Number of protein chains: 2
Amino acid sequence: MNNKNVDIYTIAEHAGVSKSTVSRVLNNKDDVSETTREKVIDVIKELNYKPNSSAKGLATQKTKTVGLVVSEITNSFFSMFVKGAEDKAMEENYNIMLANSNWVVEEELKCIRMFEEGRVDGILMISGGGDDLLNDYLNNLANKDIPLIVVDRKINNQLIPKINVENVKAAYEGTKYLIELGHRKIAFVKGDDIAASDASIDRVKGYRKALAENDIDTEIIEPGFFEREGACFATEKILKNHPDITAIFYASDMMAVGGLKALKEAGLKVPEDVSVLGFDDIELAKIIDPALSTLRQPRYKMGYLGMEKLIDKLEGRPKEVYEDDISFELELIERESTAPVKR
Amino acid sequence: MNNKNVDIYTIAEHAGVSKSTVSRVLNNKDDVSETTREKVIDVIKELNYKPNSSAKGLATQKTKTVGLVVSEITNSFFSMFVKGAEDKAMEENYNIMLANSNWVVEEELKCIRMFEEGRVDGILMISGGGDDLLNDYLNNLANKDIPLIVVDRKINNQLIPKINVENVKAAYEGTKYLIELGHRKIAFVKGDDIAASDASIDRVKGYRKALAENDIDTEIIEPGFFEREGACFATEKILKNHPDITAIFYASDMMAVGGLKALKEAGLKVPEDVSVLGFDDIELAKIIDPALSTLRQPRYKMGYLGMEKLIDKLEGRPKEVYEDDISFELELIERESTAPVKR
DNA sequence: CTGAAAGCGCTTACAG
DNA sequence: CTGAAAGCGCTTACAG
């Protein structure tokens with residue numbers, strides 16, 4: 001049971017072969033005779049040998065691990081990405097090095113630098129930022145040798161494959177859905193426009209487009225800053241200035257939850273008095289009462305695919321597999337918080 | 001900007017010293033003259049040198065990374081542990097290798113084996129299990145050379161430091177709190193008794209103890225299996241068999257949320273008609289309406305402390321720092337779901 | 001305070 | 001199909 005000091009040489013000795021041969025069976029090279037292979041494998045099991053990955057890493061110049069930087073692991077929005085990425089990595093026998101940036105650019109940079117120290121073959125970023133300094137740094141990385149894939153973040157570099165989401169289209173369809181339900185006075189609670197991902201900006205665009213197409217010109221947009229409290233205030237304000245509203249579309253579920261609270265406090269019932277539509281489909285959306293109708297982001301899939309592309313790249317698989325950007329569509333999930341407008 | 005091929009030797013050449021000296025300044029050894037040190041540092045910066053950690057790992061037999069195995073990263077209950085652990089690791093300049101076990105023992109074992117391959121100096125487990133096979137394996141690990149710390153899980157091995165939580169006491173105090181509010185008909189919704197951590201069993205104990213001390217003999221215990229739906233059913237059953245109930249204590253917040261739903265459907269108001277007390281203080285507890293009163297588990301702290309102990313051990317710091325088990329107390333958080341009993 | 005040399009545990013041409 | 005040897009990029013006694 002003791003694997004202290006049992007190295008490839010020990011195995012070689014016990015099996016009566018050379019280190020080279022042991023290495024060959026370890027790496028499944030096919031030019032080894034069946035008998036030697038079996039002998040070696042037996043010894044490996046018997047001695048409970050575990051290869052030393054530092055040594056292997058040094059020799060091969062690969063670590064078989066990828067770095068994952070995430071804005072906030074505690075946020076269920078991100079942890080689903082991580083899970084997808086992790087599952088794919090496991091499948092391919094890659095390890096994951098985790099780093100949390102806490103939304104701050106300096107920490108994001110710190111994480112990346114850490115990863116650069118040879119400990120990681122490539123990096124998958126699922127993270128806010130949008131900061132110029134960081135973008136420069138990422139561009140540099142991409143121009144050097146360390147493969148990088150970016151999920152849910154805009155960045156201007158052809159060399160960096162990106163995985164995004166059709167924000168404009170989703171918001172357009174969400175709004176259209178509300179309109180088809182008969183709503184004409186629809187408010188939109190956006191995030192902050194400076195946000196890295198342009199998510200809020202694009203969603204506002206979609207909302208506007210749907211209104212325009214349907215000749216609705218009451219456009220009511222209020223910022224909720226992607227926060228529960230912020231959305232609470234925004235909702236109060238909307239209610240005060242536009243009491244005839246019949247639906248509110250929030251640019252995130254978390255904001256919708258804040259809105260639900262404000263609506264309740266104002267004595268309004270959802271969806272009887274006002275319909276509420278969220279965005280994201282976080283865990284909470286189906287737990288809260290009333291359950292939120294929302295646009296589902298395929299976060300697990302995005303993480304999974306991001307990792308897949310990264311590994312494809314690392315393994316030198318054909319370029320077509322990973323070089324294109326991908327943009328996912330969101331799915332409209334109807335639950336209890338939306339209903340046809342009352343006449 | 002290109003760091004391809006710049007190694008310690010390149011630095012040495014440019015600085016006009018030997019590799020040994022470069023290594024010394026890299027490792028902050030004090031026996032280097034100030035002038036050479038500065039010279040070397042300049043070159044390092046100029047050439048944007050990043051040490052190769054595989055090489056370093058091979059030479060020192062340390063990787064400066066720890067493995068973290070978690071049952072389910074997507075669960076906010078766990079992600080707070082991870083965050084605490086991560087923060088501490090960052091502080092100490094350790095890397096974290098993440099593995100998700102998806103609650104299944106085989107995957108847990110797979111993760112650990114992966115970690116054993118020299119890639120990790122120690123392991124922090126925050127994970128379910130309780131399986132015999134796994135326990136044996138962990139015992140073996142502990143008896144070998146790879147340091148291991150276990151959070152929120154019982155295991156019989158003096159060599160493995162454990163970080164736990166005072167479940168009996170917390171449930172006792174939660175129940176007492178309800179009793180002091182005037183409740184005498186208090187139901188308890190437990191998890192499943194076979195669960196790894198004995199959490200449910202201990203919490204039932206605490207509940208019973210409080211009842212006994214206060215001469216209450218209506219003991220109503222129903223299993224909710226630590227699931228929302230399960231708790232929903234349990235609540236319905238309780239309501240049917242004991243309509244005179246005035247409070248329900250759930251062994252987890254998630255179950256309390258399920259309970260809230262069942263109560264609402266039964267036309268009961270919380271806390272006016274029945275008080276609801278949760279356990280854990282997950283994110284959701286303060287978001288849901290009414291906000292849940294609950295017993296707060298210091299998950300961040302537990303993760304942080306677990307990592308701290310592990311690193312203390314790895315760094316060979318004095319044994320007293322890490323060898324003892326630790327058991328955290330839970331804090332009672334009063335929110336909106338509990339109130340004095342109506343007369 | 002500094003350098004030469006051996007060694008950490010693997011892989012990989014090269015030769016046979 | 002197999003072995004001997006060099007090399008991956010560091011660290012660390014040892015000597016001076």
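Values below: every heavy atom of this structure, side chains too, minus hydrogens, waters and symmetry copies. Chain letters run A, B, ... following the sequence lines, proteins first and then strands; every chain starts at 1. All of these numbers come straight from a predicted model, not from anything done at the bench.
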Partners passing side-chain hydrogen bond (donor to acceptor under 3.5 Å, both in side chains) against Asp42(B) (at least two apart in sequence or in another chain):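 In terms of side-chain hydrogen bond (donor to acceptor under 3.5 Å, both in side chains), with neighbours along the sequence ignored, Asp42(B) is linked to no residue.
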
message: Glu91(B): which residues meet the side-chain hydrogen bond (donor to acceptor under 3.5 Å, both in side chains) condition with it, sequence neighbours left out?
response: Lys88(B), Tyr304(B)

Close N/O contacts between protein and nucleotides 5-8 of chain D (under 3.5 Å):
{"from": "dC8(D)", "atom 1": "O3'", "to": "Gln61(A)", "atom 2": "NE2", "distance (Å)": "3.2"}
{"from": "dC8(D)", "atom 1": "O2", "to": "Ala59(A)", "atom 2": "N", "distance (Å)": "3.4"}

query: Which heavy atom of Ile96(B) sits nearest a heavy atom of Ala89(B), and at what distance?
result: CG1-CB, 3.8 Å

task: Could you tell me which residues satisfy ring pair (Phe, Tyr, Trp, His ring centres under 6.0 Å) with Phe77(B), sequence neighbours excluded, listed by chain and number?
output: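 Phe77(B): ring pair (Phe, Tyr, Trp, His ring centres under 6.0 Å) contacts with Phe81(B).
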
Nearest-angstrom distance from the residue atom [atom1] of [X] to [atom2] of [N]:
X	N	atom1	atom2	value
Lys64(B)	dT11(D)	NZ	P	12 Å
Asn27(B)	dA13(D)	CG	C1'	15 Å
Asp7(A)	dC10(C)	CG	C1'	9 Å
Lys29(B)	dC10(D)	NZ	C1'	12 Å
Ile11(B)	dG9(D)	CD1	C1'	12 Å

So, using salt bridge (charged side-chain N to carboxylate O under 4.0 Å, His left out) as the criterion, who are the partners of [X] when residues are at least two apart?
X	result
Arg37(A)	Glu34(A)
Lys39(B)	none
Glu106(A)	none
Glu38(B)	none

statement: Stems in DNA chain C, runs of 3 or more consecutive Watson-Crick or G-U wobble pairs with both distances under 3.5 Å, sorted by first number, are C:1-3 with D:14-16, C:5-12 with D:5-12, C:14-16 with D:1-3

task: Would you indicate what Lys62(A) reaches in the nucleic acid, counting non-hydrogen atoms under 4.0 angstrom: base, sugar-phosphate, or nothing?
output: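 No contact at all - Lys62(A) keeps every heavy atom at 4.0 Å or more from the nucleic acid.
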
- request: Choose from dT2(C), dC10(C), dG3(D) the nucleotide whose nearest atom is closest to any side-chain atom of Arg24(A).
  value: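 Output: dG3(D).
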
field: Of residues 38-45 of chain B, the positions that come close to DNA chain D - non-hydrogen atoms, cut-off under 4.0 Å
entry: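 Nothing qualifies; none.
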
field: Among Thr74(B), Asn102(B), Asn100(B), the one residue meeting side-chain hydrogen bond (donor to acceptor under 3.5 Å, both in side chains) with Lys83(A)
entry: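 Option passing the side-chain hydrogen bond (donor to acceptor under 3.5 Å, both in side chains) with Lys83(A): Asn102(B).
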
Whether [X] contacts [N] is assessed here as follows: a side-chain N or O lying under 4.0 Å from the phosphate OP1 or OP2. Is that the case?
X	N	answer
Tyr49(A)	dC10(C)	yes
Ser54(B)	dG9(D)	no
Thr21(A)	dG3(D)	yes
Lys56(A)	dT11(C)	yes
Thr36(B)	dT2(C)	yes

Salt bridge flag under 4.0 Å for residues Glu92(A) and Arg317(A): yes

message: Suppose we screen for side chain to side chain contact (heavy atoms under 4.5 Å, CB included). Which residues come up paired with Lys110(A), at least two apart in sequence or across chains?
response: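 With sequence neighbours excluded, Lys110(A) shows a side chain to side chain contact (heavy atoms under 4.5 Å, CB included) to Met90(B), given in chain and number order.
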
- request: With sequence neighbours excluded, tell me which residues meet side chain to side chain contact (heavy atoms under 4.5 Å, CB included) with Ile11(B).
  value: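 Checked Ile11(B) against side chain to side chain contact (heavy atoms under 4.5 Å, CB included); matches are Val6(B), Val22(B), Val40(B), Val43(B), Ile44(B), Leu47(B), Tyr49(B).
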
message: Let me spell it out: for each of Ser23(A) and Arg37(B), pick the nucleotide of DNA chain C with the closest heavy atom. Which residue's pick is nearer the 5' end?
response: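 Comparing both residues, the 5'-ward one is Arg37(B).
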
